[in-house]
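Every value quoted in this text rests on a predicted model; they were computed, and no experiment measured them.
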Amino acid sequence: DINNSVRDNLYANFYGEVVFLKDFKFTANFTLDNVYRMDTFYYNNEYGTAATSTNNGLVEKYNDNYFSYNTQQMLNWNKTIKENHNFDVLIGHEFGKTDQRVVDAYKKNIFYPGIPELGNAVSQYSNGSTSSTVVTAIEGYFARVNYNYAGKYFFSGSYRYDGSSRFKYDKWGHFWSVGAAWRIKGESFMDNATWVDELKLRASWGQLGNEKIWSSYAGIDILSIGSCNYIWENQQVTGAATSYIADKSLTWETTTQYNVGLDLRLFGSLTFTGDFYVKETDDILMQLPVSGIFGFTEDPWKNAGRMRN
């Protein structure tokens, strides 16, 4: 028998940065990941598991080529005005894509012993041969603004506009966040409280989107070929049937979080951090079971759940 595996991995990361007009900085990132796998399995026809009258030897070829890349461009402006007004502004864009192609082929009835090639086997194996191509992409535009006055009053805001190929008709989602903080220790009335090293009060509200589901094509209807063969003129012929019905309104899952917090440090070493938050997730992506009478092989994905903690 022969069991041979080949793995080729390529990972590359490119980064560039340009500073101009004193307060501006442009950065670009590009990441590439490629994993190629090729397996050869040969089971001889003289002895062992495949040396039967049914198989008479077996050859399998398995190829898996995974390719992904991510690119990001960001423009940052950092400026202090009149000593106390500090601005940090960022805008950016990112795009990522994955492409995975798999071929798995079997043949039986070995013609010449010891040659692990499909052409050396003359009959189709009962498992058949399969192939698949899965391509997904995600794109986003984002902006962030941070401002603080004299290191005492802090304000921030951000916005993301993200799109995913997993959703056919409602690809794009809007996600916001705002926050503020008051560094009480920086106030003049705290000058005599030397035993207090740090005291800050924080509050924020923000949203995050999620599109991570295992199905790459949850937003489209799927046909299954060969799952419903039928009789035509006294002969069985191959048929196709709908195995999955998509929810055309499928879109992003959204998590919203409210947070209030306090940071305190006393006597140089005693530290306390306290947070109170409420986290709500809406439009949770989940599969809802349907009756087998409809003939579907996969339950449809829905924005059907809500959770609060």
Side-chain angles (χ1 to χ4, degrees), residues 8-36 65-81 85-101 133-149 151 154-181 202 204-220 250-257 259 281-283 285:
D8 292 322
N9 297 333
L10 172 64
Y11 179 82
N13 183 42
F14 302 93
Y15 174 82
E17 178 180 297
V18 177
V19 178
F20 61 100
L21 298 180
K22 186 180 178 181
D23 303 316
F24 290 87
K25 180 173 69 175
F26 176 79
T27 58
N29 293 284
F30 180 81
T31 302
L32 171 69
D33 187 14
N34 182 218
V35 180
Y36 176 73
N65 189 22
Y66 173 85
F67 177 82
S68 72
Y69 72 90
N70 182 272
T71 179
Q72 186 180 74
Q73 308 84 38
M74 295 178 293
L75 179 63
N76 180 254
W77 177 64
N78 197 297
K79 181 74 171 179
T80 298
I81 300 175
H85 299 277
N86 304 293
F87 295 89
D88 182 10
V89 180
L90 175 73
I91 59 173
H93 165 263
E94 62 181 340
F95 178 82
K97 184 177 181 178
T98 64
D99 185 327
Q100 185 172 21
R101 301 170 188 264
T133 299
V134 177
V135 180
T136 60
I138 187 168
E139 186 171 21
Y141 301 87
F142 53 91
R144 185 200 69 208
V145 177
N146 290 328
Y147 168 79
N148 79 79
Y149 176 76
F154 298 83
F155 302 93
S156 65
S158 68
Y159 168 71
R160 290 194 63 97
Y161 183 53
D162 291 321
S164 172
S165 66
R166 297 179 188 271
F167 310 122
K168 176 66 175 177
Y169 300 98
D170 195 0
K171 296 178 181 293
W172 296 90
H174 304 265
F175 309 103
W176 307 79
S177 72
V178 292
R202 300 174 281 104
S204 64
W205 173 93
Q207 291 181 323
L208 290 174
N210 174 47
E211 48 88 42
K212 298 295 185 181
I213 54 178
W214 66 263
S215 176
S216 300
Y217 303 106
I220 60 175
L250 196 69
T251 189
W252 289 78
E253 176 181 302
T254 302
T255 297
T256 304
Q257 182 166 314
N259 186 85
T281 303
D282 295 294
D283 296 328
L285 291 163

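- Under the 3.5 Å distance criterion, with hydrogens and angles disregarded, a donor-acceptor pair is assigned to the side chains of His93 and Glu139.
- For Tyr149, the OH atom sits in a loose shell: 12 or fewer heavy atoms of surrounding residues, nucleotides or ligands are nearer than 6.0 Å.
- Put simply, CZ on Phe20 and NZ on Lys25 are 11.5 Å apart, with the number rounded to the nearest 0.5 Å.
- A donor-acceptor pair shorter than 3.5 Å cannot be found between the side chains of Thr136 and Ser165.
- Side-chain atoms of Arg166 never come within 3.5 Å of backbone atoms of Ala218 as a donor-acceptor pair (strictly under, hydrogens ignored).
- Classified by interplanar angle (parallel below 30°, tilted 30° to 60°, perpendicular above 60°), the ring pair Tyr159/Trp176 is tilted.
- A donor-acceptor pair under 3.5 Å is absent between the side-chain atoms of Tyr11 and the main chain of Val35, judged by distance alone.
- In this pair, Tyr147 and His85 present their aromatic rings parallel. The plane angle is below 30°, not in the 30 to 60° band.
- Two residues are said to be in side-chain contact when any heavy atoms from C-beta on lie closer than 4.5 Å; Gln72 and Phe142 meet this criterion.
- Trp252 and Phe175 have perpendicular rings, their planes meeting at more than 60° on a 0 to 90° scale where under 30° would count as parallel.
- Put simply, the side chain of Asp33 reaches to within 4.5 Å of the side chain of Tyr66, judged on heavy atoms.
- Looking at Gln100 and Thr98, their side chains never bring a donor and an acceptor atom within 3.5 Å of each other.
- You'll find the side chain of Asn76 reaches within 4.5 Å of the side chain of Asn78, heavy atoms only.
- Side-chain contact of Asn86 with Thr80: a donor-acceptor pair under 3.5 Å is present, judged by distance alone.
- When side chains are defined from C-beta on, Phe167 counts as touching Glu211, because their heavy atoms get closer than 4.5 Å.
- Under a 3.5 Å cut-off, the side chain of Ser177 and the backbone N or O of Gln207 do not form any donor-acceptor pair.
- The pair Asp99-Lys97 does not meet the salt-bridge criterion, since no charged nitrogen lies less than 4.0 angstrom from a carboxylate oxygen.
- Under the 4.5 Å side-chain criterion, counting only non-hydrogen atoms from C-beta, Tyr15 is in contact with Thr27.
- Using a cutoff of 4.0 Å between basic side-chain nitrogens and carboxylate oxygens, Asp88 and Arg144 are scored as salt-bridged.
- Judged by distance alone, the side chains of Thr31 and Asn13 do bring a donor and an acceptor atom under 3.5 Å apart.
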From CA spacing to verdict: side chain to side chain donor-acceptor pair (under 3.5 Å), Gln73, Thr71: CA-CA 7 Å; Gln73 308 84 38; Thr71 179; 2.8 Å; yes
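- Inter-residue side-chain proximity for Asn34 and Asn9 is flagged as unmet; no heavy-atom pair is nearer than 4.5 Å.
- Looking at Met74 and Asn29, their side chains come closer than 4.5 Å, going by heavy atoms from C-beta outward.
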